[in-house]
Structures are given as structure tokens and as C-alpha cells.
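Written out below as C-alpha cells is the structure these notes cover.
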Amino acid sequence: MTDYTSGEMMTVTAARALENGMTCFVGIGLPSEAANLARLTHAPDVVLIYESGTLQTKPEVLPLSIGDGELCESALTTVAVPEMFRYWLQGGKVNVGFLGTAQIDRFANLNTTLIGDYHDPKVRLPGGGGAPEIATNAGEVFITLKHSKRAFVKDVDFVTTLGFGRDGKGRDGVPNIGKGPTRVITDLCVMKPDPETKELTVVSLHPGVSRDDVIEATGWDIRFAKQLESTAMPEAHELDILRELKARTDRKHAGA
Amino acid sequence: MTDYTSGEMMTVTAARALENGMTCFVGIGLPSEAANLARLTHAPDVVLIYESGTLQTKPEVLPLSIGDGELCESALTTVAVPEMFRYWLQGGKVNVGFLGTAQIDRFANLNTTLIGDYHDPKVRLPGGGGAPEIATNAGEVFITLKHSKRAFVKDVDFVTTLGFGRDGKGRDGVPNIGKGPTRVITDLCVMKPDPETKELTVVSLHPGVSRDDVIEATGWDIRFAKQLESTAMPEAHELDILRELKARTDRKHAGA
Amino acid sequence: MAEFLSLHDAVARYVDDGATVAMEGFTHLIPFAAGHEVVRQKKRDLTLIRMTPDLIYDQLIGAGCAKKVIFSWGGNPGVGSLHRLRDAVEKGWPHKIEILEHSHAAMACAFEAGAAGLPLAVLRGYVGSELPNVNDQIKFIECPFTGERLAAVPSVRPDVSIVHAQKADRKGNVLVEGIVGVQKEAVLAARHSIVTVEEIVDDLTTQPDYHPNTCIIPGWAISAVVVAVKGAYPSYTHGYYDRDNRFYKEWDVIARDRDTFTAWLDANVYNASSSAEGDA
Amino acid sequence: MAEFLSLHDAVARYVDDGATVAMEGFTHLIPFAAGHEVVRQKKRDLTLIRMTPDLIYDQLIGAGCAKKVIFSWGGNPGVGSLHRLRDAVEKGWPHKIEILEHSHAAMACAFEAGAAGLPLAVLRGYVGSELPNVNDQIKFIECPFTGERLAAVPSVRPDVSIVHAQKADRKGNVLVEGIVGVQKEAVLAARHSIVTVEEIVDDLTTQPDYHPNTCIIPGWAISAVVVAVKGAYPSYTHGYYDRDNRFYKEWDVIARDRDTFTAWLDANVYNASSSAEGDA
């Protein structure tokens, strides 16, 4: 077995969440890395859509921005941004939205707006971008981010993007809404919302990670599934492909 | 002076209404003939837009339909039909809408829906098409059709497309609406709405046409402007170009 | 994911009696071959949606397939009336049909809204028109920012949309070019979709005329792709063959009379096989 | 009808102090040369609209041009924060600015609605988000057909929009290709528009890569066309030059500190002439 980092563990696990043939609206950064790894390994026909209008794109290197030329050049076609959000996302063509975030709470609500008070922010974050409507108009949502007490908080400072609401009932009775976050993949574990309460619950620990590791990195009293699984380790070929992808990417971006 | 028909008189007069550089949303048939004559004579930079999405088109022959291949092949670009109606017409980019009609009344309301009662029509006409929104979203409207008592009626059976409403006040106080019909060009005369009442009034008689000719061909007690003008005769080069255009068109459509 | 089917099988699978069907193509790319297959399979009680019914719906109406027609301009372009549509509306032959009529602007917006997954389209439309008096699906809303009164119509969401296009590739991705009409919107707005094409190529993105912003509908957004050579005739396919304007004029004579129409339909549709319609 | 102007004259004529300005380009085709000219001409109290403020608005904000910013994602893509935006919002340097924030979906729809001449855009958006609590321009309407609650935002109607594109022809018609973003919508939604281009060609429709459905904005829908070679750098122009991702990373260092930012601005904007920005 090859050595691997916790970041690689996270990316490989996130990639495996995507099934071949799924249509995935991809967020930049970790989701993009995972989605492209999926495409280069077990899911060659996964359809990747970026909000820049690039439809069914197959970038050779990872884009730095959501609209790098690479995305357009390797796309099936590129549409205007209003069409992307109207026809493809809101029109119900996206199976899964793959998002990152700055903060997430126990009901999988996402905050990418700010830390502190809205009118006197301690830290101003970039804002919502595509996430608010990706999270509600995609069939389901996968979230991936690194585990830390700063990121995993009991209540987000601001609900930029709906998970299950501040009480877990934010999607109840809302017409034409997706299932919401169905899994959260971190560098320590995989979480899923409890079927009843919608509270995020650890369902799988990555190899070598203990319950205490997760408890310490989580800002609320995190629960564990009764049938706690152990995440499958990355395969050598997954790591090879991921490392080649990242090396190609670094060479390309350094040489610009 | 060349001989010419009353139809040619109508087309040439309608063509002259268009100024070089105007953006014109063109109806099929007589308006299309007049608009292309304008483009081939005094208004080479008139911009012709057809509802099929063909933007700034310069057909070599007149199209039979609103979407002949000729229109696309000679266009600057061709956009989707929703974009045409939303961005270009409703978006306020059209100076003049050029329309034909089956029936028109004294307030320049147009009926292209039916003769008789809606639920038991004597004659079912094609319907509104683009006209209802061309008439309200274009800066102004020119109308051209042959003069007859059947076409020029006191009150249309059905207001498909607003002129000035059944009382002449249909545009009063309506926000974001064009000026409406500013002239009607027939084979007998040119009419304009009275500045106060909006009732169509003859402002110019074509050469050789008498007041009685117009009165007999009009289904209401038609008024004449105090300063009644005589429409300028077609010039030889206008007739030449019109006849060449029609001959080219006939050859093309017969050979299909 | 698009399946490659025969014209017969695609229509048999996706066009049910009683379905709401949009066969689109704005003058260009009208899916006549597919329309004829619907006639041949004697589909009944269809709600037929099209901005311009054109000859294709004149034929379907005359053949007795239609229960209701939703449209915005029902003429033979540049020629005159659609006699089968008129005969059905005016005299109930072969049976009475319902009609629901809009303006082009409203229908174009309704297709756009359907593709966008919205229940309604909002437009600055129908001002002063009497169409809202006879179409209860035209409503008005007030803009919450300006107070302006704007028209609202329900979006178009067909059970199945059928369009014709230039070509598909092996993955079922479809290229539409020229007058693109509401083709893409019709496909995206529908629950199922059938796209007939002139030919199959290996990969659209490696074709010499590929352009990064061409109108390509991905195969995974389409239910069935069918090869139908000259499948838009007597309408046309940009880059392949011209509109047969002469036939559009002849149709005026054919369709004016019930017997000549019926004879034409027998000879040209019922007694033609779907493969004579270019089915591969 | 588009006039061919110098970058200096176009900005001087159409960008007034206090104006509402949209400089668009979604990652691609960001009109940096024009933005720098706005900085050089010391325009003040601008309301700056952009989906992604990106470095261009970070520079304008840091230079003191902005009164208000309307946006939907204000980061340095793939790198991190926009430090000048943050410094203005968090600490009021060089002065306090107002912000009004939306989601991308809402802003994209608002540009679309602006191009469509409508006062509002309607979308299925903001469900469960707290953005409507802090943005009083987000309202909700009820669909008159289904009763569904939908979000409504005012359309974007700037005083002037500025975009960059590949090329114009002698008539001022402009070709945009690749990631077309909301470029066309921005131009059509605005009262005036400036389009900077890499080059002028004789006639777009006779270019070898002409396609009947390419995104061409007609010259008569544009106020001014300006040649600005590399006018989108460090963003990029598809077919001409790549995005300088290294500069985007370096910006994180330059912009983090007020002094290094000011020095950069002096060296690269104030002391660069508009012709150094590729002005022809």
C-alpha cells in the first residue's frame, strides 16, 4: 500500500462519491479536484458543469478559477452564464452539486459570507456565488472541506446556503427543491444527515482516524452512526492519477 | 415617367417611410417587400430584423416565410427566438415595427385573429404571431396593406394588436410603451393618427387617387387632413430595383 | 442518456395517446418525418404545442390526432391559411378541437421558462390586446419593485418534445445551427425528447465547423436520437437542403379540400413506411 | 451606432462620477485596460456592478472610485480574498463602501432581465438563505398559476457597461466567443456601452471562423468600440492569450498591504498611459 496524505484521502473519497454518468455542477477548489479525479478514474462519463457556462468539460489540468480557458477549450459547448443557471441548474438537469465552504453547521448549512456580524464583519468572506441555488436546485449536494473546529461550528454565523435550515426542517414542504446535502467528506471522515433530524452524523472514519480526532475537530457534540464504517483506503492507481493531475496543474499554472 | 401599378406605389411609399440606420422589425409579405426595397435604395444601412431570430439580414431575394434560409445566410447573426423577443424587441432595440394585417379599424387596431365571433368564427385567421408585442414594444409602428372596405373597418372584430384601443386612449398612461402606429400606407394613400383623437386620417393621396376612391374603400367616415398632400411618384430607379427584386424572388421560389 | 432508436420505436415509446407534445422548429428544421410517424401510428387526443402550427400540425389535425392546439400563429407562411386547422376550428372536421392561442413573444418566453424549470414566464406583453379575454392562461402580475403591470403565462412543459437537427455524434450530442428557434428550449422543457437528425458523426467537437459556443444539446439531456434523412422536408435543414417553397404553395391546394387532403395523406404518409421517411 | 474612440475618450465621455457601471466578463475577458483608465481619470462615487468583483474591482475600490459594490462572489478566484474589498468593507479604507450582495443565479437573471427590458427577474432562488435578510432588493412573489413562492430581484440597468471582446469589424459589430458570461446582457442592459477589443477586422461575417450563431453584438447596439490590445490582461482573451494565473496569485501579496497596493497602482496604472494599455 502506498503512503498518502489526509488531503489525498479526502479527495479520493470525495471522488468516489460521484457515479459514472452523473451530471455534476462543480465548485472550484476541492470539489473540482475530486470531480476530475472521478472522471479520470471510475467515472469517465461523469458530466462536469462549471458555472462559467462550460458544459461537460474535461480539463487536462485543474483550473485555478471557475473560468480558466482550459474549461472552455475542453467543453462540449459553452453557454452564457444566465443560461447556465436558468436552463441547466434551475431547469433540473444537475444530479449533484459539489460544494466547498468556509463554515458548515450541524444541519449542513453553509456560510461563505462572513464571520461576525453582517454590518460589522470580523472577516468578510467572498459571498454566495453559485452555492445558494446549487444547493436547492441540484438533485442532491455533496460537500467537501477540511475538518476543523473553525469550519465545523454548531451554528453558522450566516446561512449563505441552505443545508437543512437552523432547525433541520428548512426543506420540509418546500416544492421543487433537491434533497440537499447527502454527504460531507472531510479529511477525517464521511458524514451524512440523520434521516430524521437531519443532523450531520459520522458514518465512516478514514483509516487511522479515531472518534476523538473527529470530536476534537468538530464544534458541536458530533454523533456517530451505530454502524460506523471504515472508509476504504485509496488505491494506488487513484493516487497515481491524482498526483499526476496535480503535478500537471502545478506545471501549467507556474508556467503561465 | 415610368408606368407603375398601385401595388408598386404602395411598396415604394412604404419603403420611403424607413430612414437609413433605423432598426426595423419586419413582418412577412408587404412589409418585408417594402423594407428590402428601402435597403436596396435610399437606406442601405437600415437594419432588418425578422422574428425567426435573423438579425440585420440582407436577403438577396424576398423570403416566402419568416424563416427562409436566405434570411439566416445573409444575417449578421442568428439568435434563438426567445432572445429575439426578449433582448431585441422587448429590450427596446427596435425603432420601428413594420406590420401588415387582415383588418384595421379607425384607431389603427389590428385584427389577424378571426372574422365573426371568437367561439364560432366565420373565418379563422392565423392569429397574433409577433404583432401584439411588436406594436407595443417597438418605438413606433408602420402598417401597410391594400385599401378595401373589408380591411378598413370602423371597429375590428377582435383587437389582436393594439393600435390606440377601441376609444383611441389605449396607450394613455401605459408605461414603457411605444408610440404605436404613426403611419398606414395603402395602395391609395397614407394615413396618420390624428394627434388628439388618434383616429386615422388621410394625410396624402397617391397620384391619380381621389378622395372618393378612399372614402369608398374605407369602412368608416374617413377624415382628410386640412393640408392634404400628394404622395410623390415612384422614381424609375425605385421601380427598377423593386421589379428586379421581385423577378429574382419569383425565379428562386419557382426553382425550389 | 440518449438512446439511438428507429423513428417507429421512438414515437411508439414516447408519444402516448393523450400526451402533450411540442414538435418545434421555427420554419426551419420542422420534424415532418416524425410528425408523419405520429400520424401513421394513429396517436389520438394529443395536445399539440407549436408557435407556428405550419403544415406539420395541419396534417396532424386533419389526420385526427389532435384534441387541442396551443399556438401563436396558425397560417401557411407567406401563402395563406392552414385549411385543415380552419376546417377543424370552423366546422369540426374530422372532429372539434380546442385551441389556446398566445402571441409569439409569450410562447417564446413560455418555452424559455419551461427550459428554465419555472412555472411561469413574465413579459411586457398583451398590452391592449383582446387575447387575454379569450385565453384564461394569460394573467397579469405587478412588479414588486416598480408597480408595473406585466403579463404572465404558464411555462411550456410538454410530455414529449420532438425536434429535428443537423447531426448527432456517437454520444447522442446534437448540433443545431442556423435558425435555432426554440429547439433547445423545447427539448429542455420536456419530460422526454426525440431528436431526429440528418446524420451521425463521430464527435461533434472535432468537426471542422466546431465553434465553442455552437448550440449543442448534450446527449444526456435527450431521450432518443433518430436518424431521419431529409427529416425536415418540406421545411429545411440549414447546410443540407432548402425549404421547398413550391410545396408550401401546393399545400394550399391539397389541404383546401378534404378529399384531396385525405388522398394525399394516404399516398404520402399512411402508405409510406417510416424508412421511406429516412429512418435508418 | 458604435463610434470608434480612444480608451481615454470613451471613458471620459461615458463614465460620469456617480454613475452605475457594470464591467463584466466572467473570469474571461475582464476589461482591465478600461478599468485602469477609470482609475487614471479618478472617477468617483461609482456604483460598481459585477458578478465577481475580481481584481478589477479590487483595484477600483482600493483606488477610491467606488461608493457601492453590487456583486455575488467577491474573492480572488482559486486564491483567496480580495484584500482591497475586505479592507474597505471591514475597515473603511480608503473610505467606507456600501455593498449589496446577491447569488450568482440572481445576478445572472438580473442581467438577463435588464437585457430583456424588464424591471425584474424571477427565479427559484434564495430558498433558506439569509441573504434576503440583508438585501432589501430581494423580494418574493407568488406564481399566479401554481402558487409557488419565487424570488424576484430588480433587473440590472447600468448607466454604462464596459466589456472586452475578441474583435470588432469596421461597422462596430463585435464578436465575443469562449466563456461569454453575461457580456452581451451587460451591453444590452445598459444605457451606454463601451466595448474594448483586441483588433479590428474588415467584416466579421467573412472571417474564416464565422458561424451563423456566433455571439455577435451589432454595432448599432454599442456606444463606443475601443481597440485595447491585451485589454483583458491578467484575465484572458480566448484565442489571443491565456489567463495569467501567476499574477492572480501575486495579487494576493500586492493587495494585502495598503502600501504595496498603492505602489503597484502608481507604477502600473497612474504612471502608465492609456496607450500603454494597448489603446490604439
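Each chain gets a letter, A, B and so on, in the order the sequences are listed, and its residues count up from 1.
- Other residues, nucleotides and ligands place more than 12 heavy atoms under 6.0 Å from the NZ atom of Lys249(C).
- Of the atoms belonging to Val174(B), it is side-chain heavy atoms, and not backbone ones, that fall under 4.5 Å from chain C.
- Side-chain contact check for Ser129(C) versus Thr161(B): every heavy-atom pair is 4.5 Å or farther apart.
- For Glu51(B) and His104(C), the side-chain atoms include at least one donor-acceptor pair closer than 3.5 Å.
- The OG atom of Ser52(B) sits 4.0 Å away from atom CD1 of Ile179(C), with the distance rounded to the nearest 0.5 Å.
- The most heavy-atom pairs under 4.5 Å with chain C, out of Gly130(B), Gly29(B), Gly128(B), Gly170(B), come from Gly130(B).
- Looking at His253(B) and Tyr248(C), their side chains never come closer than 4.5 Å, going by heavy atoms from C-beta outward.
- Of all the listed residues (Asp242(C), Leu123(C), Thr146(C)), the one sharing the greatest number of non-hydrogen pairs under 4.5 Å with chain B is Leu123(C).
- Both the backbone and the side chain of Val123(B) have a heavy atom closer than 4.5 Å to some heavy atom of chain C.
- When heavy atoms are compared at a cutoff of 4.5 Å, Met51(C) approaches chain B solely by way of its side chain, counted from C-beta outward.
- The two residues Val180(C) and Ala80(B) come nearest to each other via the heavy atoms CG2-CA, 3.6 Å.
- Interface remark: of the candidates Pro82(B), Ala135(B), Gly116(B), Pro82(B) forms the most heavy-atom pairs closer than 4.5 Å to chain C.
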* Under the side chain to side chain contact (heavy atoms under 4.5 Å, CB included) criterion, do Arg124(C) and Asn137(B) qualify, and how do the steps go? -> CA-CA 8 Å; Arg124(C) 184 176 289 117; Asn137(B) 288 327; 3.7 Å; yes
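- With a threshold of 4.5 angstrom between heavy atoms, Phe247(C) does not approach chain B through any atom at all.
- Few gaps surround NZ on Lys149(B); more than 12 heavy atoms of other groups in view lie less than 6.0 Å from it.
- For Glu133(B) (side chain) and Tyr126(C) (main-chain N/O), a donor-acceptor pair under 3.5 Å exists by modelled atom type.
- With a threshold of 4.5 angstrom between heavy atoms, Pro132(B) approaches chain C through side-chain atoms but not through N, CA, C or O.
- For the set Ser65(B), Gly67(B), Gly129(B), the entry with the most heavy-atom pairs within less than 4.5 Å of chain C is Gly129(B).
- With respect to chain B, the highest number of heavy-atom pairs below 4.5 Å among Leu85(C), Asn76(C), Val89(C), Val134(C) belongs to Val134(C).
- Neither the backbone nor the side chain of Lys91(C) comes within less than 4.5 Å of any heavy atom in chain B.
- Between chain B and the residues Arg86(C), Glu177(C), His28(C), the largest count of heavy-atom pairs under 4.5 Å involves Arg86(C).
- One distance of note links CG of Asn245(C) with CG of Asp68(B); it measures 4.5 Å at 0.5 Å rounding.
- Within a 6.0 Å sphere centred on NZ of Lys167(C), heavy atoms belonging to other residues, nucleotides or ligands number more than 12.
- Comparing Lys122(B), Met84(B), His119(B), Glu83(B) by how many heavy-atom pairs each has under 4.5 Å with chain C, the most go to Lys122(B).
- Remark: side-chain polar atoms of Tyr236(C) are paired, donor with acceptor, to backbone N or O of Gly69(B) under 3.5 angstrom.
- Among Thr78(B), Asn176(B), Thr113(B), the residue with the largest count of heavy-atom pairs under 4.5 Å with chain C is Asn176(B).
- For chain C, no part of Leu110(B) is nearby; none of its heavy atoms comes within less than 4.5 Å.
- Here Arg166(B) pairs with Glu130(C) in a salt bridge; the nearest charged N to carboxylate O distance falls below 4.0 Å.
- Residues Trp73(C) and Ile66(B) have side chains not in contact (no heavy-atom distance under 4.5 Å, counting atoms from C-beta outward).
- Considering only heavy-atom pairs separated by less than 4.5 Å from chain B, the leading option among Ala110(C), Ala108(C), Ser235(C) is Ala108(C).
- Contact annotation: the side chain of Val81(B) never approaches that of Glu185(C) to less than 4.5 Å [non-hydrogen atoms, C-beta and beyond].
- Most heavy-atom pairs under 4.5 Å with chain B: of the set Pro53(C), Ala105(C), Gly128(C), this distinction falls to Ala105(C).
- By number of non-hydrogen pairs under 4.5 angstrom with chain B, the leading residue of Glu148(C), Arg149(C), Lys184(C), His238(C) is Glu148(C).
- Rounding to the nearest 0.5 Å gives a distance of 10.5 Å between OH of Tyr118(B) and CG of Asn133(C).
- For the set Val79(B), Ile28(B), Thr160(B), Asn111(B), the entry with the most heavy-atom pairs within less than 4.5 Å of chain C is Thr160(B).
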